[in-house]
There are 2 protein chains.
Amino acid sequence: MRIDDRKQKVLLAIIRDYITTAEPVGSRTIAKKYKLGVSPATIRNEMADLEEMGYIEQPHTSAGRIPSERGYRYYVDYLMKRKKLTKEEEHIIHREFEARVRDVGQVIQKAGVLLSQLTQYTAMVLSPQIEASSFKHIQLISMQPAQAMIIVVMDNGIVHHRMLEVPESLNAGDMDTISCVLNAKLQGLAMEKIKFTLMQEIYFELAKHKQILDLAMDLIHESLVIKPEDKIYLGGVFNMLNQPEFHNVEKIKTLLSILEQEDMLHQLLEGGSSGVGVTVRIGGEIDNEGIRECSMVIAPYSVGGRRIGSLGVIGPTRMEYARVISVVEFMTKNLSRVLERIIGVSG
Amino acid sequence: MRIDDRKQKVLLAIIRDYITTAEPVGSRTIAKKYKLGVSPATIRNEMADLEEMGYIEQPHTSAGRIPSERGYRYYVDYLMKRKKLTKEEEHIIHREFEARVRDVGQVIQKAGVLLSQLTQYTAMVLSPQIEASSFKHIQLISMQPAQAMIIVVMDNGIVHHRMLEVPESLNAGDMDTISCVLNAKLQGLAMEKIKFTLMQEIYFELAKHKQILDLAMDLIHESLVIKPEDKIYLGGVFNMLNQPEFHNVEKIKTLLSILEQEDMLHQLLEGGSSGVGVTVRIGGEIDNEGIRECSMVIAPYSVGGRRIGSLGVIGPTRMEYARVISVVEFMTKNLSRVLERIIGVSG
DNA sequence: GTTTAGCACTCAATGACTTAGAGTGCTAAC
DNA sequence: GTTAGCACTCTAAGTCATTGAGTGCTAAAC
């Protein structure tokens, strides 16, 4: 059976109505609200066909119809018209991103807050994965007698610092010396290039300060090995409580227990996205039982053309796709732009 | 009417039972489970007295009794015996705090996670408020052509960094020069001591780099003025969903909407604590409608004898006070110890 | 052939009513 | 002062009838 023009209109009406009301939609409602120019009986016939084809379903005999996952998929792929953000909303995003962007963490968090506020669903933002490839600068700073700080800067702009105990005898001059030697010898080198012979050279030159050297090397090593802030920012988890499908505590618990597991979210965000642009996963398309009744809209963001992270929105399958897709797309563009400014194109 | 020994025992039994079962406690239950050596009828008499005195109440005529806020207060003040942490629990805390403590933020987060895991309620940890009094070190680092990083270290161990655009002509040597001049002139000075004449001197000396100087001064100023990471870490919010008193979506919403407002939490944590040691606030004692049905156990933590923050647990009034109080106390001690090591006694 | 009015049918939601059970308070006996 | 006994209260759970929204089918109208 073909899904002709009028069937499309009926399907669209059912999906639109269900998205806003969360109630099964009956033939009378469609005839009245969406003026297709035909009687409820005709619409009932079309609905019977659509149900047979699997685009809609009936919770029980005497209820209206609700879209099936297949129905939503058809809607997203063929029927939906993206709903642009208002000028005001675009303005809010711009303003938030321009003002007081200090560090990457703050930007990520801001993106999450905005995403959840604008969509009224739950937002997930994966922090950027910029691998450090080499070490840029090291600095020892005397803080107090017997206490110093060591700062390591990597070429991706990540800064690590740590306090350490030092012998009282070590003065600011000594620390400068150590910093200088390390900088001179190691600057710009990747970890694997820091060879044994080189290390021996340094250890020889700074024999007195073996302990500090060890700590310094530790920190450099750590900075190279550890994925920088492999974190996920979640925003607006509580928005979900306003969705009628989550008016039941058990469902909330299932969802939240999944949102609590960072590795699972990671997998959802990275595994769910199909490469470039916005991806929509509807219900069972999400590779995870437990969020069967949810949909996700996810997209990667990039710096200098290189994909470095992704973000997304999770909500009920009865999601305002038209809007959410626009918001997610707009957000990745802005996030990319701002991050480009902060961390440079080095990543 | 005096609250004699047997009344105490009955009250204690009611509270203990109610804390574990969350069900109103009847006279028969007490007689059977808590073996006071008297019949249910006698206990009923005692219960009638306790109710008259306001220590317990009845949800409805044919139900058992539940403790009133006054009852909990009496329990916490006079009846309760603290329940020590097991060796294993203490071990977990130690291990978590010893291993991989990198920066203050991480420690705070870890404290929150532990606190919520051990208590199964919601944990709140206010990040330490260590005012920076003076500036310690500044460093400009060339990252790429036309891109540099500026790092500012304050005497409290806080490190701020930011990327900035620089003229292509500026090389690594120039940056070192600028860093050196700034360090030499400004090191150890508090903001108010950075006088106009001194600044003129620096601007004269580094006239070519006015733009960078401005940025550097901005960052130093910011570091001094901005309260460092005035954040609250929340952990185990979802634990609340397991409490029977939150099996109703409306209550969850009310609670969560409060937990979302940082300023309110701030007020609760800072305003609720009565100075030294662990403070318990029960139900209406909390200065906030909306969490009338909750209790809080809060305590300050300190470094070098100076109070720099506080942490706490929020749960239903039917909270395991005996355990939570011990956990909170143990946690503040450990947090103080670890922070002392990280940020030194300078704060 | 398509559309529509009409009607019998289904089923969830709602409310009235009943019953069971837990727990009390009171009285009288110990 | 303590306790057994009993009438009383009130919620929770179950049953049943009613209501109303919505359907599917049939036959008539277009």
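Below, chain A is the first sequence line, B the second, and so on; all start at residue 1. Small disclaimer: the values here were computed from a predicted structure and weren't measured.
Protein atom CD of A:E51 is 15 Å distant from nucleotide atom P of D:dG22, rounded to whole Å. Note: CD (A:E46) to C1' (C:dG1) measures 14 Å, nearest angstrom. Going from atom CG of A:D49 over to atom P of D:dT23 covers 14 Å, rounded to whole Å. Rounded to a whole Å, the CG atom of B:D5 is 16 Å from the P atom of D:dG1. One interatomic measurement links the two molecules: CG of B:L50 to P of C:dG25, which rounds to 12 Å at whole-angstrom precision. In this structure, A:M47 atom CE and D:dG24 atom P are separated by 8 Å, rounded to whole Å. Atom pair A:I66:CD1 and D:dT23:C1' shows a separation of 16 Å (rounding to whole Å applied). In this structure, the CZ atom of A:R44 is 14 Å from the C1' atom of C:dT10, given to the nearest Å.
Ion pair B:E57/B:R65 not flagged as a salt bridge, since none of the NZ, NE, NH1 or NH2 atoms sits closer than 4.0 Å to an Asp/Glu carboxylate oxygen. With respect to B:E90 and B:K84, no salt bridge is recorded, no charged nitrogen being found less than 4.0 Å from a carboxylate O. B:E245 has no carboxylate O lying under 4.0 Å from a charged side-chain N of B:K251, or vice versa, which leaves the two without a salt bridge.
Closest of all the heavy-atom pairs between B:I314 and B:M240 is O-CE, 3.3 Å. Nearest heavy-atom pair across A:R292 and A:E69 is O-OE2, 4.0 Å.
The aromatic rings of A:Y321 and A:Y72 lie tilted to each other, with the angle between the two planes from 30° to 60°.
Using modelled atom types, one finds a donor on one side chain and an acceptor on the other under 3.5 Å when comparing A:Q8 with A:Y74. No side-chain N or O of B:T29 forms a donor-acceptor pair with one of B:Y34 less than 3.5 Å apart.
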Could I get a table of every N or O pair under 3.5 Å where one atom is in the protein and the other is in nucleotides 8-11 of chain D?
from, atom 1, to, atom 2, distance (Å)
D:dC10, O2, B:S62, OG, 2.8

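Interatomic distance, B:T119 OG1 to B:M331 CE, rounded to the nearest 0.5 Å: 8.5 Å.
Of the residues in residues 17-36 of chain B, not one places a heavy atom less than 4.0 Å from an atom of DNA chain D.
Here C:dA5 is the nucleotide among C:dC26, D:dT2, C:dA5 with the atom lying nearest to any side-chain atom of A:S39. Nearest to the side chain of A:Q58, among D:dG24, C:dG25, C:dA5, sits D:dG24. Nearest to the side-chain atoms of B:R6 among the listed nucleotides C:dC7, D:dT2, C:dT24 stands D:dT2.
If you find the closest nucleotide of DNA chain D to A:R65 and to B:N45, the one lying nearer the 5' end belongs to B:N45.
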